Amino acid sequence: WERTCLLDMEATEELTPEDAGKFDVVVAGGILGNVHENEDGSYASDDRTAEVRQVGFAHRRHLGPLQMTTDTALLTSFRVLDQG
């Protein structure tokens, strides 16, 4: 698990090109949770990653503040890690 990264919107660190040498596997966390608008105009989503987070991944990263579709998140991860 030491070279595995969980994509997690709740992670404190963003995925960066410098992470490329640290991970062999990227796990897409909460697949396609629902996005809803809060009363203050901000957006939030279901935390479907919570179940996966319980596995105890040593490394978690996010891809920014917006939720992405699964294919977009995986392509973005590839571009960040493989193409910098």
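The figures here come from the full heavy-atom set of this structure, side chains too, leaving out hydrogens, waters and symmetry mates. Because the structure is a prediction, the values reported are computed rather than measured.
Hydrophobic clustering keeps Phe57 apart from Leu74 (ILVMFWY residues linked when any side-chain heavy atoms are closer than 4.5 Å, directly or through intermediates). Residue Phe78 is not grouped with residue Val25 when hydrophobic side chains (ILVMFWY) are merged at heavy-atom distances under 4.5 angstrom, including chains of intermediate members. Side-chain heavy atoms closer than 4.5 Å link hydrophobic residues (I, L, V, M, F, W, Y) into clusters, and following such links, possibly through other members, connects Leu7 to Leu81. There is a path of hydrophobic side-chain contacts, each under 4.5 Å, that joins Leu15 to Met68.
Environment of CZ in Arg3: crowded, with over 12 heavy atoms of neighbouring residues, nucleotides or ligands closer than 6.0 Å.
The shortest side-chain heavy-atom distance between Leu63 and Ser77 falls under the 4.5 Å cut-off. In this structure, the side chains of Pro17 and Val80 come closer than 4.5 Å at one or more pairs of heavy atoms. Within the 4.5 Å cutoff, side-chain heavy atoms of Glu2 are placed close to those of His59. Between Asp8 and His62 there is no side-chain heavy-atom pair separated by less than 4.5 Å.
With hydrogens and angles ignored, the 3.5 Å screen pairs no side-chain donor or acceptor of Arg60 with any backbone N or O of Glu13. For the pair Thr76 (side chain) and Thr72 (backbone), a donor-acceptor distance under 3.5 Å is present.
Ion pairing between Asp19 and Arg61 holds under the 4.0 Å rule for side-chain N and carboxylate O.
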